[in-house]
Undergrad: 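Before anything else, here's the structure in question.
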Amino acid sequence: MQKERVIIIGSGPAGLTAAIYTGRAQMNPLVIAGTQIGGQIALTAEVENYPGFWAADKVPTGPELVEVMQKQAEHFGARLEYDEVVSVDFSQGSPFTVKTYGKTYQADAVIVTAGASPRRLGVPGEEAFIGRGVSYCGTCDGFFFRGKDVIVVGGGDSAIEEGLFLTKFADSVTVVHRRDELRAGPALQKRAFANEKISFVWNTAVEEVVGNGTVQAVKTRNLITSEEGDLPIDGVFIFVGHFPNSKFLEGKLEMDEHGYVITDELMRTSVPGVFAAGEIQDPIYRQIGTSVGQGVAAAMQTEKWLSERE
Ligand code: NAP
């Protein structure tokens, strides 16, 4: 069994930041990165609100930020393993057992930064058309919808940000939202309302995705009048929130009713020696900046916890 001092589970902004800090503290961290490094920002087209990396003529992309963070972590001695954690055993206290598809590890301390994933809408046809017109990532799939008509489901920051991005490719972007006002921040709203390619269908739920091989339409229902409709469309981009990637932690760490890992202000979980940072424990802010800050805090507390024991 491979023995490690610190294992960081996840490689988004929280995980890579924890890797930079534990690396600089000479703790030789191992990052179990998942199959793709970077978490959700790796799928983000433009990041204009992360301080220090902005210029009027050059807004960084998510992958660019990830690349710098990874280089910085590796420079300070972090090692990355492209594998996924399938189970953990925290029951005996430190050292903890962490199992991936490929290996079993022991670690004196663990920092969990496994992040969150896009929530499904949960309507008929959605699953069947994933990759054939249904998408959860405009940045990844927008290119395939050049000259096409798409809808965006949701009214939060993600829906509007991705909707704006999709206007680079699609002829039209229709935002279908269940209420008559957006949840997205004012700056994004202003840009969306000013964009000629974007239109809005308010108070409306998407009830089914239909097609023949690829998406052809969605069935809708007006939530005030109950009127049903058919909206012919080439693509359906769904942004209705996220869920934490905490299935492998069920019964191992205390969680809230939505599966978010519970931490205190020192990023400690219910198991001493196991810390958590980023979206796996943060249903509120969910920003790169806050994940980075939580990653710093978790790393510093891990270092303190280990040095007090040794
Ligand atoms: P969100 O803020 O939770 O918004 C989810 C949207 O989906 C809401 O408009 C919600 O409607 C709608 N929705 C939820 N369940 C639905 C359902 N079953 N059917 C139809 N619509 C449904 O999620 P998010 O946009 O992914 O953002 C998550 C967090 O990340 C937020 O804190 C956000 O500020 C942050 N974020 C920030 C940025 C940025 O700063 N640039 C970018 C992306 C995300 P209601 O409005 O009616 O609830």
Side-chain angles (χ1 to χ4, degrees), residues 12-14 38-54 59-63 65-66 115-127 134-140 142 151-166 173-193 195 198 200-209 218-224 229 231 233 236-245 256-260 277-294:
Q40 291 178 79
I41 53 161
L43 309 176
T44 304
E46 291 180 339
V47 180
E48 37 177 36
N49 56 4
Y50 185 58
F53 284 85
W54 179 92
V59 175
T61 67
L65 278 183
V66 172
S117 297
R119 195 191 291 153
R120 303 277 203 258
L121 196 55
V123 297
E126 179 182 15
E127 292 284 337
V134 169
S135 170
Y136 303 85
C137 179
T139 316
C140 320
I151 65 163
V152 161
V153 184
D157 282 329
S158 299
I160 301 309
E161 198 168 75
E162 297 272 333
L164 282 161
F165 180 75
L166 285 168
V173 175
T174 306
V175 177
V176 180
H177 185 33
R178 64 183 178 182
R179 292 189 294 137
D180 64 355
E181 60 177 355
L182 298 175
R183 179 181 295 278
L188 279 173
Q189 290 204 26
K190 198 171 160 200
R191 281 172 59 200
F193 290 135
N195 192 309
I198 298 187
F200 294 85
V201 175
W202 301 109
N203 299 312
T204 297
V206 168
E207 301 217 304
E208 188 177 348
V209 181
V218 289
K219 290 190 185 298
T220 60
R221 191 165 56 87
N222 185 300
L223 295 171
I224 293 180
L231 194 57
I233 212 74
V236 183
F237 286 82
I238 297 170
F239 305 104
V240 294
H242 294 85
F243 64 88
N245 299 322
D256 72 10
E257 72 271 29
H258 302 295
Y260 286 91
E279 292 191 22
I280 193 135
Q281 54 82 63
D282 170 22
I284 298 170
Y285 298 110
R286 310 192 61 258
Q287 302 294 301
I288 301 171
T290 47
S291 289
V292 162
Q294 292 154 3

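In each ligand, atom 1 is the first atom listed, and ligand 1 is the first ligand listed. Because the structure is a prediction, the values reported are computed rather than measured. These numbers come from the heavy atoms of this one structure, side chains and all, not from hydrogens, waters or symmetry mates.
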Undergrad: Which ligand 1 atoms are under 4.0 Å away from a heavy-atom of Phe239?
TA: 6 (C), 7 (O)

Undergrad: Run the contact test for His177 against ligand 1 with a 4.0 Å cut-off on heavy atoms, strictly below, and give the result.
TA: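 Checking ligand 1 against His177, which is what was asked, there is a heavy-atom contact under 4.0 Å.
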
Undergrad: So, the side chain of Glu208 versus the backbone of Pro124: is there a donor-acceptor pair under 3.5 Å, distance only?
TA: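 Checking the backbone N and O of Pro124 against the side chain of Glu208, no donor-acceptor pair under 3.5 Å is found.
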
Undergrad: Do me a favour and list the nearest non-hydrogen protein atom to atom 10 (C) of ligand 1 with residue, atom name and distance?
TA: Arg178 NH2, 3.8 Å

Undergrad: Quick test: of every protein heavy atom, which one is nearest to atom 47 (O) of ligand 1, and how far off is it to 0.1 Å?
TA: Arg179 NE, 2.7 Å

Undergrad: For ligand 1, which atoms, with element, lie under 4.0 Å from some heavy atom of Ile284?
TA: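 By the 4.0 Å cutoff, the relevant atoms are 32 (O).
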
Undergrad: Would you check the N or O atoms of Gly156, main chain and side chain alike, for any that come under 3.5 Å of an N or O of ligand 1?
TA: yes

Undergrad: Under a 4.0 Å heavy-atom limit, does Glu48 contact ligand 1 with its side chain, its backbone, both, or neither?
TA: neither

Undergrad: Considering non-hydrogen atoms of the protein only, which is the closest contact for atom 22 (C) of ligand 1, and what is the distance?
TA: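 Protein heavy atom with the smallest distance to atom 22 (C) of ligand 1: Val240 CG1, 3.5 Å.
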
Undergrad: Would you say Arg120 and Glu127 make side-chain contact, with heavy atoms under 4.5 Å?
TA: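 The answer is yes; the side chains approach within 4.5 Å.
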
Undergrad: Look at atom 23 (O) of ligand 1 and say which protein heavy atom is nearest, naming residue and atom and giving the distance to 0.1 Å.
TA: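 Result for atom 23 (O) of ligand 1: Gly241 CA, 3.7 Å.
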
Undergrad: Among Val206, Val236, Val209, exactly one meets side-chain contact (heavy atoms from CB on, under 4.5 Å) together with Leu121. Which residue is that?
TA: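 The option that passes is Val206.
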
Undergrad: Measure the distance from atom 25 (O) of ligand 1 to every protein heavy atom, then report the residue, atom name and distance (to 0.1 Å) of the closest one.
TA: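 Sorting protein heavy atoms by distance from atom 25 (O) of ligand 1 puts Ser158 N, 2.9 Å first.
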
Undergrad: Leu121 to ligand 1: N or O pair under 3.5 Å?
TA: no

Undergrad: Tell me which part of Leu182 gets within contact of ligand 1: side chain, backbone, both or neither, using heavy atoms under 4.0 Å.
TA: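 Neither; nothing of Leu182 gets under 4.0 Å from ligand 1.
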
Undergrad: Applying the side-chain hydrogen bond (donor to acceptor under 3.5 Å, both in side chains) test to His242, which of Arg119, Arg286, His258 qualifies?
TA: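 Of all the options given, the one that passes is Arg286.
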
Undergrad: Can you sort out which atoms of ligand 1 are near His242, meaning under 4.0 Å from one of its heavy atoms?
TA: 26 (O)

Undergrad: For Lys219, is there any backbone N or O sitting under 3.5 Å from a side-chain donor or acceptor partner on Glu207?
TA: no

Undergrad: Please write down residue, atom name and distance for the protein heavy atom closest to atom 33 (C) of ligand 1.
TA: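 For atom 33 (C) of ligand 1, the nearest protein heavy atom comes out as Asp157 OD2, 3.2 Å.
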
Undergrad: So, the side chain of Asp157 versus the backbone of Gly185: is there a donor-acceptor pair under 3.5 Å, distance only?
TA: yes

Undergrad: Just need the protein heavy atom nearest to atom 8 (C) of ligand 1, so name the residue and atom and give the distance.
TA: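 Here the closest protein heavy atom is Arg183 NE, 3.7 Å.
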
Undergrad: Just wondering, are more than 12 heavy atoms of other shown residues or ligands nearer than 6.0 Å to OH in Tyr285?
TA: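 It does not: Tyr285 OH has 12 such atoms or fewer within range.
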
Undergrad: Please identify which atoms of ligand 1 are closer than 4.0 Å to at least one heavy atom of Arg119.
TA: 15 (N)

Undergrad: For residues Phe239 and Pro118, determine if any side-chain heavy atom of one lies less than 4.5 Å from a side-chain heavy atom of the other.
TA: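 Phe239 vs Pro118: side chains apart.
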
Undergrad: Find the distance between CG (Leu166) and CD1 (Ile151) and round it off to the nearest 0.5 Å.
TA: 11.5 Å

Undergrad: What protein heavy atom sits nearest atom 39 (C) of ligand 1, and how far off is it?
TA: Asn49 ND2, 3.4 Å

Undergrad: Please work out whether the ring planes of Phe200 and Phe193 are parallel, tilted or perpendicular, with thresholds of 30° and 60°.
TA: tilted

Undergrad: Applying side-chain contact (heavy atoms from CB on, under 4.5 Å) to Val292 and Tyr50, what does each step give before you reach the verdict?
TA: CA-CA 10 Å; Val292 162; Tyr50 185 58; 3.7 Å; yes

Undergrad: So if I count the atoms of ligand 1 from 1 in the order they appear, which ones are less than 4.0 Å from some heavy atom of Tyr285?
TA: 32 (O)

